[in-house]
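Scroll down for the structure; my scribbles are underneath it.
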Amino acid sequence: MPETLNSASLGKPRVRFAPSPTGFLHVGSARTFIFNWLYARRMGGTMILRLDDTDVERNTDASVNSIFEGLKWLELDWDEEYKQSERGELHRRMADTIFQKGLAYRDFTPAHTGDSERSGAQGTWLFNPGMRELSREESDRRASAGEPFALRFRVPREGGQMIRFTDAVYGEQMKAGADIEDFALLRSDGMPTYHLASCADDADLRISDIIRGQDHLSNTYKHVLLFEAAGFTPPQFAHLPLLVAPDGTKLSKRRHGPIVSVTTYRDAGFLPEAFINFLCLLGWSPKNDREQMSRQELIDAFSLEGINRANAVVNFKEPDVGPTNVGRALLPANSLPEEAFDAKAVWLNAEHIRSLPIEELSQRLLPIVREAGFNVAPEKMLRITPLIRERIKLLRDVLTAADFFFVDRLPPYDPSELIPQKGDAAMAKKVLEKARAVLANVEFKHDPLDQALRAAAQEFGIKAGQMFQPIRVAVCGRKNAPPLFETLEVLGRETTLARIEQAISRIL
RNA sequence: GGCGCUAUCGUCUAGGGGUUAGGACGGAAGAUUCUCAAUCUUCAAACCCGGGUUCGAUUCCCGGUAGCGCUACCA
């Protein structure tokens, strides 16, 4: 009696994310994990992490670390974990089962090094007739003589047989067996291939739903064949549209650089929940115009029906060697400018930042500030946070938005900035001297500061803005900054007066 | 080359035999404001092409085109 994978009796789905550790965790993989995870959490199922490390040549520990690092940042968890390389016995057993049923055969053709020599005259290689028809006796004889061979699946290609399956996203799929090549199960060194290992593990782990990239859609026919040959009912499949670069090509580190690596987003100051939110909106829609969603809201809204079929562009800017922007010096050397990221990701991040409670945002900001070398007390950070919350899009923007709160002495700025609109140096000086006098006595709280400074403006017969700008530049070192009174309040009298003093001396 | 998948504003998408084809990001303009941001208002911006089917197709069917995927003893 065939074992059932998607046994309805259990009800709870079992899904897996099965990356091959041959590179860093990239955004497409992360999204695949997220969709699996969302589905598992939504349905009360089980999330499995399986490292598909059968390609010993290309696997690296660095890659495994990158995957864990990325998932850790995203605060994504899983219930079971496996390493494919430790399950070789299971894979070989499945290969043997299939071979014993006569559904696979040994191919003694030496592994090819060139690319086209085995391609048939028609262009597509499907199988080696000589090997496929080799008698079992002959095959056994050569095998026991120690001749190396690859084990190939004997794809049913006669009689116009069709292979079919239903994809939860792409619907009914079918393909003629005659169009599928006799793919390898075992390499000549005895190692299982991806197809074999993957199916053997999916069967053994009782995976109920395989949610993966659409690049596997046409591999699925092979997998269906494999499951059935081994006596299993194939699981449910759901293929995800691919994430592609603005030029339409698939994301790759070679071509597109760090922008495709998950850790780049972490280092740029994305909130994990915002990044997840962004990824979810690529190729999936809750269909109710919702955009900003929390982790829980995503879980509640997720369904396979909402998955789109067309590839989605991650609309990042190709790295260019344009002029560096202001404040860049404070950022880590290898970090990307904000404009490099998909604008929607940045916007979503800003939205998530704005909806974070001040206390929490402050806590997330503090390590970044500290790492940049500023020793700021948590209490001070808590007072600064509300002043910049609406002004930062990425967490690291705290370094450029609130820099003047952190430093003891302001870095040099252009003194002409001190001159107010429709004013001159004399006005700037007058304003600053007045401010020095007023601020020496007024209570450093919003309202008293507001009243005192406005009164001073009135006394001079100038606009409030003309009064405030010189002061703002004097204390912040630039024109664009948080509201003045709140800023002064946090900065305190001592720092404020020192900076105004400095400004006065510079304006001459 | 073969096989397959896909096609709505620049981008992410909703929709669907009859709609002013909706939302969001980004862009533009304006309002507000002590600057910047945030916020609010407004504007520009799309159904790949050609045939069918139909009273009527952006929607359904076929073809084309384009993009992508698979076509390895990679995954």
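Labels below follow one simple rule: chain letters A, B, ... track the order of the sequence lines, proteins then strands, and each chain is numbered from 1. Since this is a predicted model, take the numbers as computed values, not measurements.
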Legend entry - Most 5' of A:R354 and A:G248 on RNA chain B, judged by nearest nucleotide: A:R354
Legend entry - A:P192 vs A:D247, nearer the 5' end of RNA chain B by closest nucleotide: A:D247
Inset, instruction - Report the residue from A:L51, A:L205, A:D201 that forms a side-chain contact (heavy atoms from CB on, under 4.5 Å) with A:Y82. - result: A:L205
Inset, instruction - Answer yes or no: side-chain N or O of A:S188 and base N or O of B:C73 forming a donor-acceptor pair under 3.5 Å. - result: yes
Inset, instruction - Test for a donor-acceptor pair under 3.5 Å between the base of B:C5 and the side chain of A:R309, counting only N and O atoms. - result: no
With respect to the phosphate group of [N], does any side-chain polar atom (N or O) of [X] fall under 4.0 Å of OP1 or OP2?
| X | N | answer |
| --- | --- | --- |
| A:R454 | B:C34 | yes |
| A:K287 | B:A14 | yes |
| A:N288 | B:U13 | no |
| A:R478 | B:C36 | no |

Taking pairing as Watson-Crick or G-U wobble with both contacts under 3.5 Å, can you name the mate of [N], or confirm there isn't one?
| N | value |
| --- | --- |
| B:G27 | B:C43 |
| B:A66 | B:U6 |
| B:C36 | none |
| B:U54 | none |

What nucleotide, of [options], holds the atom closest to the side chain of [X]?
| X | options | answer |
| --- | --- | --- |
| A:W125 | B:C3, B:C68, B:A72 | B:A72 |
| A:V313 | B:U39, B:U13, B:U11 | B:U11 |
| A:K344 | B:C25, B:A37, B:C73 | B:C25 |
| A:P483 | B:G69, B:C5, B:C34 | B:C34 |
| A:A312 | B:C34, B:C12, B:C25 | B:C12 |
| A:E351 | B:C70, B:A37, B:U39 | B:U39 |
| A:D289 | B:G69, B:G23, B:G2 | B:G23 |
| A:Y170 | B:C73, B:C5, B:A37 | B:C5 |
| A:L242 | B:C34, B:G69, B:C5 | B:G69 |
| A:T249 | B:C5, B:U13, B:C68 | B:C68 |

Using the [atom1] atom as the point on both nucleotides, what is the distance between [M] and [N], in whole Å?
| N | M | atom1 | value |
| --- | --- | --- | --- |
| B:U71 | B:A14 | C1' | 36 Å |
| B:A38 | B:G64 | P | 49 Å |
| B:G15 | B:C9 | P | 16 Å |
| B:C25 | B:C40 | P | 9 Å |
| B:U59 | B:G52 | C1' | 15 Å |
| B:A57 | B:U41 | C1' | 36 Å |
| B:U13 | B:G26 | C1' | 14 Å |
| B:U32 | B:U39 | C1' | 8 Å |

[N] [atom2] sits how many Å from [X] [atom1], rounded?
| X | N | atom1 | atom2 | answer |
| --- | --- | --- | --- | --- |
| A:F278 | B:C25 | CZ | C1' | 10 Å |
| A:L432 | B:C34 | CG | P | 19 Å |
| A:D342 | B:C12 | CG | P | 9 Å |
| A:Y105 | B:C73 | OH | P | 10 Å |
| A:L126 | B:C73 | CG | P | 12 Å |
| A:N219 | B:C68 | CG | P | 18 Å |
| A:D189 | B:C73 | CG | C1' | 8 Å |
| A:L243 | B:C12 | CG | P | 10 Å |

Inset, instruction - Answer yes or no: are there more than 12 heavy-atom neighbours, outside A:Q421 itself, under 6.0 Å from its atom CD? - result: no
Tell me what [X] touches on the nucleic acid: a base, only sugar-phosphate, or nothing, going by heavy atoms under 4.0 Å.
| X | value |
| --- | --- |
| A:D215 | sugar-phosphate |
| A:E181 | sugar-phosphate |
| A:A481 | base |
| A:R58 | base |
| A:T54 | sugar-phosphate |
| A:G283 | sugar-phosphate |
| A:L281 | sugar-phosphate |
| A:H239 | nothing |
| A:N315 | sugar-phosphate |
| A:F183 | nothing |
| A:D450 | nothing |
| A:Q466 | nothing |
| A:P19 | nothing |
| A:Q84 | nothing |

Is it true that [X] and [Y] have a side-chain N and a carboxylate O under 4.0 angstrom from each other?
| X | Y | value |
| --- | --- | --- |
| A:R364 | A:E273 | yes |
| A:K344 | A:E291 | yes |
| A:D204 | A:R87 | yes |

Inset, instruction - Answer yes or no for A:K222 and A:F153: cation-pi contact, defined as NZ/CZ to six-membered ring centre under 6.0 Å and angle to ring axis within 45°. - result: no
Return yes if a side-chain donor-acceptor contact under 3.5 Å exists between [X] and [Y], otherwise no.
| X | Y | answer |
| --- | --- | --- |
| A:Q292 | A:S355 | yes |
| A:D107 | A:N128 | yes |
| A:T54 | A:H91 | no |

Inset, instruction - Kindly say whether the aromatic ring centers of A:F149 and A:Y105 come within a distance under 6.0 Å. - result: no
